[in-house]
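Just below is one structure, and these are the notes that go with it.
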Amino acid sequence: MVDVAPREVTRDQLAGAAWAALGGSRRLEAVERLTGGTTKGVYRLTMNDATTAIAYVWQEAENYWPAAEGDGDLSDPFSPGAGLDLFEASHSRLASLGLRVPEVFLVDRDRTHYPADLAIVEDFPGEDLMDLFNRDPRAAEPTMARLADALAAMRRHRAPAFGKVAQIDNGGTSRAASCEEAALAFALRCLDEAASRDRRIADARGRLGERLRELAAAVRPRAEYSVVHGELGLDHVLVDRGGNPVVIDFEELLYFDVEWEHVFLRLRHSEDQYRRLAVEDLDEDRLALYKLTQHLSLTAGPLRLLDGDFPDRAFMQGIAEHHLNQALAQVSVV
C-alpha cells in the first residue's frame with residue numbers, strides 16, 4: 001500500500017527547498033496552493049522580501065487520476081505520464097528551440113528537501129494569456145504573435161522518430177509504426193473506456209469504431225515529426241514582463257504530427273483566438289482522424305477523472321458531456 005501524503009504542502013515542509021532555490025537571507029513566508037493541476041501539486045512560494053516562485057510536487061497524493069493499465073508506458077505516446085524526468089526533458093527541448101519557459105531554480109530528485117520529486121521554478125504572477133485575451137484582445141496581440149512564432153519554431157523542428165520527447169531524446173522508440181496508428185489505438189482505447197461509463201457511447205460504439213478505422217485508412221504515410229505540446233490552451237501560456245509567452249504544463253510534450261496540436265488549438269479556443277495561431281498546409285485527413293480521437297479522449301479522460309476525488313466535478317462533467325456530443329455528431333447519432 002502506498003503511503004499517501006495529505007494533499008496540502010505546508011510552509012515548514014518547503015522552507016528548506018525554498019531557501020536552497022532562492023538563497024541569500026530570504027526565508028519562506030507563505031505557501032499557496034494553485035488550482036488546475038491534475039497530476040502534480042502546484043504551489044506559489046512567497047519569501048519574506050516578496051520574491052515569489054512556483055514549486056511543482058510530484059507525489060501520489062497530488063495526482064487525481066485513478067490508476068489505469070499502461071500508465072507510465074513511455075513507448076506509447078498517449079500513455080498518461082507525469083514526473084520530473086518528463087518535465088526536465090520537455091523543458092530542455094522547448095528551451096533549445098528558443099521558447100520562453102520558466103527558469104528552473106532547483107531540482108530535487110534525491111528528495112533531500114521533500115519526500116517526493118520537486119522542482120522550484122520562476123513565477124509569473126498575474127493573468128495567463130487566455131485571461132489577457134478575454135479582457136483585452138488588442139493588448140494580447142503582441143503576445144499572441146510571439147506565440148504563433150513559437151509554434152512555428154516547434155513545427156520546423158524535425159525529430160528522428162515520433163513519441164514522447166523524454167522517450168525519443170533518451171534513445172527510445174514508440175511501439176506503434178506511425179503517428180496515425182498510435183492515434184487510432186489511443187482512440188479505440190478511449191472509445192472502450194467511454195463506452196464503459198456512458199450508455200450513449202456504448203450504443204454508438206460500433207459506428208464510432210468503424211468511423212475511426214475509415215479515417216485512419218485515409219491517412220497517407222508521412223515521416224515528419226514536429227514538437228507538439230498537445231494541450232496548448234492559452235491558459236497554459238503565461239506572460240512575462242516583456243509580453244513574451246511563457247509555455248507551461250509541458251510534461252506530455254511529443255514529437256508528432258503538427259495536426260495534433262492544431263486540432264486541440266481549434267477545440268480549445270474561439271475562432272477569433274485560433275485565427276491568430278492558424279497555419280496553412282495542414283493535412284485534412286490527419287485533422288479528421290485527430291479531431292474524433294480528441295473528442296473521444298476528452299470524453300473518456302474526464303469520466304475516468306470523475307471516478308476519483310477530483311474536486312471541480314461539475315466542470316469536468318461539462319467537458320465530458322460537450323465532447324461526448326461532438327463525438328456522436330461525427331457518426332450522425334442524435
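Below, each value reflects all heavy atoms present in this structure, side chains not excepted, and no hydrogens, waters or symmetry copies.
Between F124 atom CZ and D240 atom CG the span is 6.0 Å, to the nearest 0.5 Å. Atoms CD and CG, from E127 and D235 in turn, are 13.0 Å apart once rounded to the nearest 0.5 Å. Summarising the geometry, atom NE2 belonging to H229 is positioned 7.5 Å from atom CZ belonging to F250; distances are rounded to the nearest 0.5 Å. L118 contributes atom CG, which lies 10.5 Å from atom CZ of R111 (distance to the nearest 0.5 angstrom). The OG1 atom of T35 lies 9.0 Å from the CZ atom of R33; values are rounded to the nearest 0.5 Å. Separating the NE2 atom in H91 from the CG atom in L99 is a distance of 10.5 Å, to the nearest 0.5 Å.
For the pair R220/D285, a side-chain contact is recorded, criterion being any heavy-atom separation below 4.5 Å from C-beta on. Taking 4.5 Å as the limit, every side-chain heavy atom of V228 sits out of range of all side-chain heavy atoms of D257. A heavy-atom distance below 4.5 Å is not found between the side chains of F186 and D76. Contact annotation: the side chain of V258 never approaches that of E224 to less than 4.5 Å [non-hydrogen atoms, C-beta and beyond]. D198 places none of its side-chain heavy atoms less than 4.5 Å from the side chain of T299. Counting only heavy atoms from C-beta outward, the side chains of Y64 and L305 approach each other to under 4.5 Å. In this structure, D131 and R135 have side chains that are not in contact, with every pair of non-hydrogen atoms separated by 4.5 Å or more. Contact annotation: the side chain of F310 never approaches that of P302 to less than 4.5 Å [non-hydrogen atoms, C-beta and beyond].
Of the charged side-chain nitrogens involved, at least one lies within less than 4.0 Å of a carboxylate oxygen, so that D249 and K40 count as a salt-bridged pair. Look at R207 and E210 and you find no salt bridge, because none of the NZ, NE, NH1 or NH2 atoms lies under 4.0 Å from a carboxylate O. Of the charged side-chain nitrogens involved, at least one lies within less than 4.0 Å of a carboxylate oxygen, so that E29 and R27 count as a salt-bridged pair. Between R205 and D192, at least one side-chain nitrogen of the basic residue sits less than 4.0 Å from a carboxylate oxygen of the acidic one, meeting the salt-bridge criterion. Salt-bridge annotation for D149 and R146: absent, with no side-chain N of the basic residue lying under 4.0 Å from a carboxylate O of the acidic one. Taking the charged nitrogens against the carboxylate oxygens, E193 and R189 have no contact shorter than 4.0 Å, which rules out a salt bridge. Using a 4.0 Å cut-off between a side-chain N of Lys or Arg and a carboxylate O of Asp or Glu, R268 and E231 do not qualify as a salt bridge.
A donor-acceptor pair under 3.5 Å is formed between the side chain of W19 and the backbone N or O of G24. Between the side chain of S75 and the backbone N or O of R175, no donor-acceptor pair lies under 3.5 Å. Panel note: side chain T143, backbone G243; a donor-acceptor pair is recorded below 3.5 Å. Not one N or O on the side chain of E62 forms a donor-acceptor pair closer than 3.5 Å with the backbone of Q59. Panel note: side chain E251, backbone L86; no donor-acceptor pair is recorded below 3.5 Å. For the pair H269 (side chain) and F264 (backbone), a donor-acceptor distance under 3.5 Å is absent. Between the side chain of S297 and the main chain of Q294, no donor-acceptor pair closer than 3.5 Å is present. One N or O on the side chain of R313 and one on the backbone of L306 form a donor-acceptor pair closer than 3.5 Å. With N170 contributing its side chain and G172 its backbone, the two residues share no donor-acceptor pair below 3.5 Å.
In summary, of the residues considered (E181, E259, E180), a salt bridge (Lys or Arg N to Asp or Glu O under 4.0 Å) with R222 occurs for E259 alone. Looking at E103, E122, R100 one by one, the single match for side-chain contact (heavy atoms from CB on, under 4.5 Å) with V246 turns out to be R100.
Taking all atoms of both residues into account, the shortest heavy-atom contact from L234 to L277 is CD2-CD1, 4.3 Å. Here the closest heavy-atom approach between residue E261 and residue M154 is recorded as OE2-CE, 3.6 Å. A327 approaches L296 most closely through the heavy-atom pair CB-CD2, 3.9 Å. Taking all atoms of both residues into account, the shortest heavy-atom contact from D123 to A53 is CB-CA, 3.7 Å. In terms of heavy atoms, I201 sits closest to L191 at CG2-CD1, 3.7 Å. Pairing each heavy atom of G163 with each of P77, the nearest pair is CA-CG, 4.1 Å.
Between W260 and F78, the ring planes are tilted. Angles from 30° to 60° get that label. Aromatic ring pairs are classed by plane angle as parallel below 30°, tilted from 30° to 60° and perpendicular above 60°; the pair H323 and H295 is tilted. Ring geometry, Y56 versus F87: the interplanar angle exceeds 60°, so the pair is classed perpendicular (tilted spans 30 to 60°).
The neighbour count for R275 CZ, taken as heavy atoms of other residues, nucleotides or ligands under 6.0 Å away, is above 12. Heavy-atom contacts from other residues, nucleotides or ligands closer than 6.0 Å to CD of E271 number 12 or fewer. Residue-environment remark: CH2 (W65) exceeds the threshold of 12 foreign heavy atoms within 6.0 Å. Atom CZ of R138 sits in a sparse spot, with 12 or fewer heavy atoms from other residues, nucleotides or ligands closer than 6.0 Å.
A donor and an acceptor atom, one from each side chain of R158 and S226, are located under 3.5 Å apart. With 3.5 Å as the limit, one finds a donor-acceptor pair spanning the side chains of R93 and S96. Between the side chains of T51 and D49, at least one donor-acceptor pair of N or O atoms lies under 3.5 Å.
Residues W58 and L74 do not share a hydrophobic cluster, clusters being chains of Ile/Leu/Val/Met/Phe/Trp/Tyr side chains in contact below 4.5 Å. Residue L208 is grouped with residue L287 when hydrophobic side chains (ILVMFWY) are merged at heavy-atom distances under 4.5 angstrom, including chains of intermediate members. Residues M130 and L147 are members of one and the same hydrophobic cluster, defined by side-chain heavy-atom contacts under 4.5 angstrom among Ile, Leu, Val, Met, Phe, Trp and Tyr.
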Under the side-chain contact (heavy atoms from CB on, under 4.5 Å) criterion, do V31 and L45 qualify, and how do the steps go?
-> CA-CA 5 Å; V31 174; L45 312 179; 3.9 Å; yes
Would you please test H236 and V247 for side-chain contact (heavy atoms from CB on, under 4.5 Å) and show each step?
-> CA-CA 6 Å; H236 288 170; V247 178; over 6 Å; no
Go through the steps to decide whether R286 and V263 satisfy the test side-chain contact (heavy atoms from CB on, under 4.5 Å), and finish with yes or no.
-> CA-CA 9 Å; R286 290 176 191 273; V263 166; over 6 Å; no
Which is it for D307 and R304 under the salt bridge (charged side-chain N to carboxylate O under 4.0 Å, His left out) test, yes or no, and what are the steps along the way?
-> CA-CA 5 Å; D307 286 347; R304 177 155 70 98; over 6 Å; no
Test V42 against I54 for side-chain contact (heavy atoms from CB on, under 4.5 Å), laying out the working first.
-> CA-CA 7 Å; V42 182; I54 296 295; 3.7 Å; yes
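Aromatic ring centroids of Y255 and Y225 lie 6.0 Å or more apart.
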